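Heads up: the structure comes next, in structure tokens.
Values below: all heavy atoms of this structure, side chains included; hydrogens, waters and symmetry mates excluded. On a predicted model such as this, the values are computed, not experimentally measured, just so you know.
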Amino acid sequence: MNRLGHETSPYLLQHAENPVEWYPWGEEALARAREEDKPILLSVGYAACHWCHVMAHESFEDEATAALMNERFVNVKVDREERPDVDGIYMDAVVAMTGHGGWPLTVFLTPGGEPFLGGTYFPPEPRHGLPSFRDVLMAVSQLYRERPEEVTRRTDVLLDALRASAASKASSEPLTESLLLQAVRRLSELHDPEWGGFGRAPKFPPASALELLLRRGELEPAIRTLDAMAAGGMYDLVGGGFHRYSVDERWLVPHFEKMLYDNALLVSAYLHAWLVTRTELYREVVEETVEYLLRDLRLDSGAFASSQDADTEGVEGLTYSWAPGEGAPEELFEPFEDGRFVLRGELDAETRARLLEIRSQRAQPGLDDKAIASWNGLALAALAEAGRRLGRDDWLSAARELGAFLLGPLSDGRGRLYRSIRDGRTSGAGFLDDYANVAHGLYELHVATGELRWLEESRRVALLAVELFADEERGGFFLASAEGEQLVARKKDLFDHPVPSGNSMLAYVLLRLGRIYGDDELERRAVGVLRLLGESLGRGPTEFAWSLNALDLYLSTPREIAVVGPADSEVARAALERYDPNAVVAFGPAEGVPLLEGKDYVDAKPAVYVCERFACRAPVTEASELVEPAR
């Protein structure tokens with residue numbers, strides 16, 4: 001067993017028996033590299049990554065390749081999900097060098113951690129225009145030993161580029177409605193009118209872009225995409241939930257891993273689509289996907305696991321695909337590979353239950369059972385709102401338990417978040433996206449339950465994020481705190497793919513909290529994020545979709561709903577029934593929350609106060625009086 005045997009990450013533990021002398025990221029590896037003047041081979045991946053498994057089997061389990069790695073390099077393994085800061089910096093470096101990125105990520109560093117060469121997957125022998133991994137190892141080793149001036153030149157260029165990216169200045173141009181109009185036009189240009197989605201294959205679920213279209217009332221491309229994704233293939237008709245992406249334009253043949261973050265974001269997108277269109281299919285997708293999360297990803301702690309593998313027993317899609325004679329309706333078969341098929345079409349409840357029982361008897365894909373704060377924050381938001389909207393008290397109970405877990409085992413004694421936890425062992429300090437997404441989830445839990453503690457905790461976590469991550473000079477927020485380990489550059493993550501960036505989500509949260517608490521400073525911080533993007537917002541709607549949702553909120557007329565009384569009161573349910581994404585909500589009575597100041601029960605009845613910029617109308621105590629359409 002190598003040094004990975006004592007790690008918490010299931011991905012790192014997968015490599016603990018490799019003949020490669022792997023180190024986890026840390027000072028021990030860097031010190032050895034300095035002492036022996038060896039380059040570092042950094043390999044980054046994650047447990048559900050199919051091509052990570054392929055490269056591991058082909059190269060890292062091969063004795064001859066491992067011997068070459070051990071002789072000439074200090075070898076470091078990183079789980080990108082535990083260390084998004086390490087992954088982000090070196091992914092940016094590889095993209096700068098090669099024009100593309102992905103996992104497994106393979107980067108060669110100096111003993112000081114400066115990158116000088118890299119790529120992604122390398123095969124064991126030359127193919128598809130790629131050199132063999134062993135040839136790469138030999139060439140890099142030779143370059144490092146024989147041409148140090150070239151290595152220095154490369155590192156200087158890359159580090160300048162990495163540091164310049166984080167130092168970009170805010171735009172001075174006004175943030176206007178025209179950016180939103182331009183973004184929607186661009187999405188229409190990118191939209192596939194036949195199969196939905198934006199751009200060509202492979203197609204990833206564009207949850208944040210769908211949210212933007214729904215809140216802007218641009219329904220045709222949203223509906224086309226929602227319908228196509230739900231038809232089967234990338235969507236698991238039998239067990240519910242979505243696979244990672246589709247390799248084809250039809251959303252038919254998936255890459256079979258299932259990620260917590262995709263399913264959390266898509267629960268919210270389909271829920272909002274149901275609210276807008278009342279299409280029953282969308283409600284069914286929400287119900288089936290939440291059932292999947294609770295059945296297959298929920299841990300005993302009440303948190304959710306990170307992912308399920310694409311592979312079962314080394315074969316991609318083995319658990320999820322079907323062959324003739326295995327009990328699935330063959331009229332729904334669509335070809336996959338090796339004589340197996342995926343299902344597309346409609347399954348009645350009885351058939352679905354029967355096939356799920358058959359499938360449960362098969363070998364199951366591996367589960368990455370670490371709980372990541374960031375992704376659990378997204379799951380909390382989805383579970384809380386879906387439980388509220390669909391009247392599922394059992395989902396709300398699960399959401400409360402998850403909220404308590406995030407504020408308990410996933411927080412330290414000072415109330416700061418850890419990144420992840422597994423078997424009671426935490427992986428290290430939380431990052432920007434952990435704080436932003438947890439604050440988002442806690443706010444939605446407050447709206448769902450009416451319980452004040454969740455709103456107070458949402459604000460506390462958001463303010464802590466500002467304290468830990470803010471760039472006071474240029475605006476926006478760094479991915480990692482200045483209190484933690486300092487890498488060769490500090491990164492600002494601004495891209496909303498595949499999940500909302502920590503910057504865009506925190507901006508969204510701060511705008512909501514700013515309106516509830518009447519805090520202009522929170523709004524200023526949020527606007528600082530949007531100004532970093534400037535005109536890129538209109539030009540890049542798929543890259544910055546959640547920032548565009550935040551911009552839509554920022555430009556909307558402030559609309560606040562103060563509810564005094566329980567969340568399940570008739571008047572409260574009526575006030576919050578509509579899809580009104582730019583309204584903010586707070587439940588009282590409570591002191592210390594400006595939106596709720598001076599507001600109480602009316603004649604001992606629960607009351608709703610509808611306000612704009614803290615100017616409130618007369619309180620309403622009867623559901624029938626809430627007739628104003630949503631904006």
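With a 6.0 Å cutoff to the six-membered ring centre and a 45° limit on the axis angle, Arg459 counts as a cation-pi contact of Tyr517. Cation-pi geometry between Arg490 and Phe478 is met: under 6.0 angstrom from the ring centre, within 45 degrees of the axis. Cation-pi contact between Lys258 and Tyr292: present, with separation from the ring centre below 6.0 Å and deviation from the ring axis of at most 45°.
For Asp412, the side chain to side chain contact (heavy atoms under 4.5 Å, CB included) criterion is met by Arg414, Arg416, Tyr418, not counting sequence neighbours. Asn376 meets the side-chain hydrogen bond (donor to acceptor under 3.5 Å, both in side chains) test with no other residue; sequence neighbours excluded. Judged as a side chain to side chain contact (heavy atoms under 4.5 Å, CB included), and not counting sequence neighbours, the contacts of Asp311 are His50, His53, Glu316. Scanning for side chain to side chain contact (heavy atoms under 4.5 Å, CB included) contacts around Arg298 gives Leu294, Phe304, Ala398, Glu401, with sequence neighbours left out. With sequence neighbours left out, the ring pair (Phe, Tyr, Trp, His ring centres under 6.0 Å) criterion links Phe495 to Phe544. Considering only residues two or more places apart in sequence or on other chains, Met91 meets the side chain to side chain contact (heavy atoms under 4.5 Å, CB included) condition with Asp87, Val95, Trp103, Leu105.
Between Arg525 and Glu521 there is a salt bridge, since a side-chain N of the basic residue sits under 4.0 Å from a carboxylate O of the acidic one. Using a cut-off of 4.0 Å between Lys/Arg side-chain N and Asp/Glu carboxylate O, Asp85 and Lys491 are scored as not salt-bridged. Residues Arg453 and Glu457 are not paired through a salt bridge, judged by the lack of any N-O separation under 4.0 Å between the basic side chain and the carboxylate.
In this model, a donor atom of one side chain and an acceptor atom of the other lie less than 3.5 Å apart for Trp25 and Glu485. A side-chain donor from one of Asp37 and Tyr144 sits under 3.5 Å from a side-chain acceptor of the other. Residues Ser43 and Thr106 bring no donor and acceptor atom of their side chains to less than 3.5 Å of each other. There is no side-chain donor-acceptor pair under 3.5 Å between Asp493 and Ser501. Counting only N and O atoms by type, the side chains of His255 and Glu257 include a donor and acceptor under 3.5 Å apart. A donor atom on one side chain and an acceptor atom on the other are found under 3.5 Å apart for Glu451 and Trp454. Side-chain N/O atoms of Lys77 and Tyr11 include a donor and acceptor closer than 3.5 Å. Remark: the Glu385 side chain and the His272 side chain contain an N/O donor-acceptor pair separated by less than 3.5 Å.
A side-chain hydrogen bond (donor to acceptor under 3.5 Å, both in side chains) with Ser420 is found for one member of Ser9, Ser427, Ser306 and no other, namely Ser427. Tested against Pro24, the residues Arg83, Glu7, Glu82 include a single side-chain contact (heavy atoms from CB on, under 4.5 Å) partner, Glu7. Of the listed residues (His15, Gln14, Glu21), just one forms a side-chain hydrogen bond (donor to acceptor under 3.5 Å, both in side chains) with Asn18, and that residue is His15.
Ring centroid separation for the pair Tyr245 and Phe204 comes in under the 6.0 Å cut-off. Aromatic pair Phe73/Phe108: centroids less than 6.0 angstrom apart.
In plain terms, the two heavy atoms of Ser374 and Asp434 that are nearest each other are N-OD1, 2.8 Å.
Judged by distance alone, with hydrogens and angles left aside, the side-chain atoms of Asp394 form no donor-acceptor pair with the main-chain N or O of Leu396 at under 3.5 Å. At distances below 3.5 Å, not a single donor-acceptor pair connects side-chain atoms of Asp79 with backbone N or O atoms of Pro10.
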Practice task
I would like to know whether Tyr554 and Glu523 meet side chain to side chain donor-acceptor pair (under 3.5 Å); could you show each step before the answer?
Solution key: CA-CA 8 Å; Tyr554 168 63; Glu523 180 174 295; 4.7 Å; no
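Within a 6.0 Å radius of CD in Glu591, other residues, nucleotides and ligands contribute 12 heavy atoms or fewer.
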